[in-house]
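Convention: sequence-line order gives letters A, B, ...; per-chain numbering from 1.
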Amino acid sequence: MNIFHHIRDKVEKALKTLAGRGVLPEDTDFSHITVEAPRDPAHGDVTTNAAMVLAKPAGRKPRDLAEEITALLRDDPDIGSVEIAGPGFINMRLSEAFWPRLMDAVLELGEAYGRSDLGQGLKVNVEYVSANPTGPLHVGHCRGAVFGDALANLLEETGHEVTREYYINDAGAQVDVLARSAFLRYREALGEDIGEIPSGLYPGAYLKPVGKALAEKYGDSLRNMPEEEWLPLVRDFAIDAMMDMIRDDLAALGITHEVFFSERTLHESGLIDDTIRELRERGLVYEGRLPPPKGKPPEDWEDREQLLFRATEFGDDIDRPLVKSDGSYTYFAADVAYIRDKLARGFRQLVYVLGADHGGYVKRLQAVNRALSGGEAELVARLCQLVKLFRGGEPVRMSKRAGDFVTLRDVVDEVGPDVVRFMMLTRKNDAPLDFDFEKVTEQSRDNPVFYVQYAHARICSVLRNAREELGEEVFASAGRPDWSLLKDEAEMTIVKRIGEYPRMLEAAAKAHEPHRVAFYLQDLAADFHALWNKGKESPHLRFILKDQVDLSLTRLAFLRAIRYCLANGLHLLGVRPVEEM
RNA sequence: GGCCCCGUAGCUCAGCUGGAUAGAGCAACGGACUUCUAAUCCGUAGGUCGAAGGUUCGAAUCCUUCCGGGGUCGCCA
């Protein structure tokens, strides 16, 4: 039950009637019409800009057109009153008979309240995290991980067919460095004194268990091999170990990807070769030269003829090289093949959740998508800004030396997955985020995680109490809630907020902005806390009133509806609603 | 130098992809507990939406140009 869709249908029906009468052109475009809640509740429950948007095509003044539209809406039983305001807004107040239907629907739908078919089953691939398999995830990965996961949930909830995917960068030089680093730890495990880890190798202690495991598996047989023989063995072993670790870290945050896609398989299966052949056939590549990079001294710049993708024809600033000077493929070449593969798997929306430092990469990805999908698919890139860590207001210092960085696991272990997940979504993705270890575990108003959880727990507390206070027999013989008993302004504020939930989810999904769910939950929690406290000054507003059973039962049903809304939103964010604090 | 992101109350940020008098929280000040959990709530105060133009019924939002902060810029991934 989405009240805004409901009213929109009525408005569009009225507009079609007007089109039939010749007031509007037959082919009028309705796409810019909004049907939404006005910012000021005094303006009513639902407002539409239809008259203002269509005034020009109709060749009439907005307020005149509004008159014609309202005449057709006025008799609708769901609409209590209609008014024209300001430059031509049509403000509607829903009839008293309408709200009970909404509340009944919320209770009936329960955990399904908010789901929609907005996406029409569109196949969406959400790629997120995709960290190099060379070490544990650090805090920097946290935000993208949580953002991507919440976005995937959000899209799923709004009717998209979602695949969560992780791209494993297991083909480049950095995994050879990983192999050499692991080999050193292997020699260490065999009793050798390896001294200090040479610069250029990964110094982290997390490779020690890998070295030990290698020693157990291979004994000292690797030690006598030439590098070209042991390296592939050690590399594959180490990558597997790193990916196991990464999967564990993600699991600790409640994140599970459906597909882990290996870059190396693109090389080995010949998919990149195929892709480049196809590009050649379609005339999308050519041999050419690039200008040297600007802004940087071109130290080792070598002007050469190379194979270039015609990215500029698809909106990029410069054509992009596919082959390195040593003849191997660039990272970009693999990415082209990867996009081609995603399209071949039927995805029509490719979502990339990236760190802000990859901003420069977006245009070329979009160029590839345009070239290969011919406009059939959309590529959406979302950039996550970095997270600054604090402890009691003081910045947490991290030095890259000796692997002394804060890992994702450190953070989750200290404050818990729910706090991490919620906090990561309390800011728009492209705004920097401060994360203070002390503040996020504080139990106070300025900690949004706590604030929302507390509202949920309070509701559960009342629901628990009610059984004792009112007696089991009251519940056994309870009829349907009489929603007309909810008359107070604070109660109606909440009813309307609940009504906005489905629309908020759709807007968030369209914009790919899961943080809106977090903000909505804070608003709903605030509405609830306000009502709670109002019950202190005005005892008749309390939820449990022993001498008014029908009213109490209705308010308890009301609480269950609020609870569904809070819990559903929290679930989307991957945060567990708690029943007690 | 090119491209991308950001600039909104003293601070941290929202602002529903063009709507009505720009909103929360923190900090400041003044109030509300014999509790269904005061871990909360109510009230007061606080603004040339970085600047200037433009688009139109209407701009914090869209376009152009500046100012300031961050990121990025072939053969790393």
Side-chain angles (χ1 to χ4, degrees), chain A residues 32 34 36-40 43 47 49 52-53 55-56 61-62 85-89 91 130-132 134 169 171-175 263 289-296 298 300-304 306 308 316-321 323-326 328 330-332 334-335 355-363 383 385-386 426-428 430-434 442-448 450-451 454-455 457-459 461-466 469 500 503-504 506-508 510-511 513 515-516 519-520 522-523 526 529-537 542-545 552 555 559 580-581:
Chain A
H32 290 93
T34 58
E36 61 195 343
R39 192 157 42 203
D40 185 348
H43 292 134
T47 186
N49 62 358
M52 293 180 289
V53 172
K56 191 169 276 184
K61 288 181 183 168
F89 289 102
N91 292 338
S130 297
N132 291 340
T134 54
N169 300 128
Q174 84 283 355
V175 286
E263 180 190 357
R289 292 171 190 279
L290 285 178
K294 292 186 175 159
K296 267 188 177 178
D300 50 354
W301 168 258
E302 160 199 359
D303 188 24
R304 69 181 178 92
Q306 52 191 330
L308 298 169
D316 200 357
D317 307 315
I318 199 168
D319 290 333
R320 302 293 176 179
V323 181
K324 298 186 208 170
S325 50
D326 68 357
S328 65
T330 59
Y331 180 79
F332 175 65
D335 245 342
D357 54 341
H358 285 66
Y361 210 73
V362 173
K363 275 193 182 182
L383 303 179
Q385 273 291 348
L386 46 135
T426 53
R427 208 109 301 175
K428 215 167 21 181
D430 48 12
L433 169 69
D434 292 345
E442 222 169 68
Q443 304 209 331
S444 72
R445 176 67 172 101
D446 32 329
N447 178 357
F450 167 78
Y451 187 73
Y454 184 40
R458 269 182 156 173
I459 290 171
S461 162
V462 180
L463 293 175
R464 276 194 306 269
N465 256 309
E469 296 284 323
E500 282 170 29
R503 189 185 126 81
M504 179 278 301
E506 292 194 353
K510 280 185 200 162
E513 290 184 349
H515 75 274
R516 293 192 197 186
F519 281 92
Y520 172 88
Q522 293 184 65
D523 288 341
H529 286 306
L531 174 61
W532 178 285
N533 275 76
K534 215 170 169 183
K536 291 183 180 307
E537 288 169 24
R542 294 160 71 106
F543 301 106
I544 303 172
L545 299 168
S552 297
R555 289 200 171 136
L559 286 180
E580 287 176 59
M581 299 306 293

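With both ends at atom C1', the span from G2(B) to G19(B) equals 36 Å, rounded to whole Å. Across G68(B) and A32(B), the matching C1' atoms stand 45 Å from one another, rounded to whole Å. For the P atoms, the distance from U44(B) to G25(B) is 12 Å, rounded to whole Å. For the P atoms, the distance from U61(B) to G18(B) is 11 Å, rounded to whole Å. Across C5(B) and G50(B), the matching P atoms stand 16 Å from one another, rounded to whole Å. Distance check on atom P: G43(B) versus A24(B) gives 9 Å, rounded to whole Å. Taking atom C1' on both nucleotides, A9(B) is separated from A27(B) by 12 Å, rounded to a whole Å. For the C1' atoms, the distance from A52(B) to G30(B) is 43 Å, rounded to whole Å.
Met581(A) comes within 4.0 angstrom of a nucleotide base, judged by non-hydrogen atoms across all strands. As judged by a 4.0 angstrom heavy-atom cut-off over every strand, Asp317(A) is placed among residues touching the sugar-phosphate backbone only. Within 4.0 Å of Asn91(A), counting heavy atoms only, lies at least one base atom of the nucleic acid. Within the 4.0 angstrom heavy-atom criterion, base atoms lie near Thr47(A). Within the nucleic acid shown, Glu263(A) comes within 4.0 Å of sugar-phosphate atoms alone, with no base atom in reach, counting heavy atoms only. Among the atoms of the strands shown, base atoms are found under 4.0 Å from some heavy atom of Pro87(A). Among the protein residues, Pro432(A) comes within range of the sugar-phosphate backbone only, with heavy atoms under 4.0 Å from sugar or phosphate atoms but none that close to a base. In this structure, Ala85(A) reaches the bases: a heavy-atom distance under 4.0 Å links it to at least one base atom across the strands shown. Backbone-only contact: Ala356(A) has heavy atoms under 4.0 Å from sugar-phosphate atoms and none from a base. Here Ile544(A) lies in heavy-atom contact (under 4.0 Å) with a base.
Rounding to whole angstrom units, CE of residue Met52(A) and P of U56(B) are separated by 17 Å. In this structure, the CD atom of Glu513(A) is 10 Å from the P atom of A14(B), given to the nearest Å. A straight line from CG of Asp434(A) to C1' of C13(B) spans 11 Å, rounded to a whole angstrom. Atom CD of Gln522(A) is separated from atom P of C16(B) by 17 Å (rounded to the nearest Å). The CD atom of Gln385(A) sits 7 Å away from the C1' atom of G71(B) (whole-angstrom rounding). For Arg427(A) and G70(B), the CZ to P distance is 20 Å, given to the nearest whole Å. Going from atom CG of Asp430(A) over to atom C1' of G7(B) covers 12 Å, rounded to whole Å. Atom P of nucleotide C16(B) and atom CZ of Phe519(A) are separated by 12 Å, given to the nearest angstrom.
For the pair Ala530(A) and Gln174(A), both in contact range of RNA chain B, the more 5′-proximal nearest nucleotide belongs to Ala530(A). When each of Thr426(A) and Leu531(A) is assigned the nucleotide of RNA chain B with its nearest heavy atom, Thr426(A) is the one assigned upstream, toward the 5' end.
Using a 4.5 Å cut-off on side-chain heavy atoms (C-beta onward), Glu263(A) and Tyr331(A) make contact.
Of the residues Arg445(A), Lys534(A), Arg458(A), the one that meets the side-chain contact (heavy atoms from CB on, under 4.5 Å) test with His529(A) is Arg458(A).
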Exercise. Stepwise, does the side chain to side chain contact (heavy atoms under 4.5 Å, CB included) test hold for Asn49(A) with Thr34(A)?
Worked result: CA-CA 6 Å; Asn49(A) 62 358; Thr34(A) 58; 3.3 Å; yes
For this session: Could you give me the CA-CA distance, side-chain angles and deciding distance for His43(A) and Thr47(A), then say whether side chain to side chain contact (heavy atoms under 4.5 Å, CB included) is met?
Result: CA-CA 8 Å; His43(A) 292 134; Thr47(A) 186; over 6 Å; no
Problem set entry | Derivation and outcome, side chain to side chain contact (heavy atoms under 4.5 Å, CB included), residues Thr426(A) and His515(A) | CA-CA 6 Å; Thr426(A) 53; His515(A) 75 274; over 6 Å; no
Exercise. Between Phe543(A) and Asn465(A), is a side chain to side chain contact (heavy atoms under 4.5 Å, CB included) present by the stated rule, with each step listed?
Worked result: CA-CA 10 Å; Phe543(A) 301 106; Asn465(A) 256 309; over 6 Å; no
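Between Ser461(A) and C36(B) there is no side-chain polar atom (N or O) within less than 4.0 angstrom of OP1 or OP2. Listed pair Lys363(A) / C73(B) fails the phosphate criterion, with no side-chain N or O lying under 4.0 Å from OP1 or OP2. One finds a side-chain N or O of Lys56(A) lying less than 4.0 angstrom from the OP1 or OP2 phosphate oxygen of C57(B). Taking only side-chain nitrogens and oxygens, Arg516(A) never comes nearer than 4.0 Å to OP1 or OP2 of C16(B). Contact check, Arg458(A) against U37(B): no side-chain N or O comes under 4.0 Å of OP1 or OP2. For the OP1/OP2 pair of C41(B) and a distance below 4.0 Å, the side-chain nitrogens and oxygens of Tyr451(A) include at least one atom meeting the criterion. At G15(B), one or more side-chain N or O atoms of Lys428(A) fall inside 4.0 Å of OP1 or OP2 (strictly under the cut-off). Listed pair Asn169(A) / C76(B) fails the phosphate criterion, with no side-chain N or O lying under 4.0 Å from OP1 or OP2. Proximity of His515(A) to the phosphate of G15(B): a side-chain N or O atom is located under 4.0 Å from OP1 or OP2. For C41(B), one of the phosphate oxygens OP1 or OP2 lies less than 4.0 angstrom from a side-chain nitrogen or oxygen of Arg445(A).
Listed by first residue number, the stems of RNA chain B with at least three Watson-Crick or G-U pairs below 3.5 Å are B:1-7 with B:67-73, B:10-13 with B:23-26, B:28-32 with B:40-44, B:50-54 with B:62-66.
Nearest heavy atom pair, residue Lys324(A) against residue Arg304(A), reads C-NH2, 3.3 Å. Between Pro432(A) and Arg427(A), the shortest heavy-atom distance links the atoms O-CD, 3.6 Å.
Without hydrogens or angle criteria, Ser552(A) side chain to Leu545(A) main chain gives a donor-acceptor distance under 3.5 Å. At distances below 3.5 Å, at least one donor-acceptor pair connects side-chain atoms of Arg555(A) with backbone N or O atoms of Arg542(A).
Taking every side-chain heavy atom of Leu383(A) into account, C4(B) is the closest of C57(B), C4(B), U37(B). Comparing C75(B), U37(B), G19(B) by their nearest atom to the side chain of Phe89(A) picks out G19(B).
With sequence neighbours left out, the ring-ring contact (aromatic ring centres under 6.0 Å, His included) criterion links Phe450(A) to Tyr454(A).
No hydrogens or angles were tested; on distance alone, nothing pairs the side chain of Asp357(A) with the base of U72(B) as donor and acceptor under 3.5 Å. With hydrogens and angles left out, the side chain of Arg503(A) and the base of C16(B) share a donor-acceptor pair within 3.5 Å.
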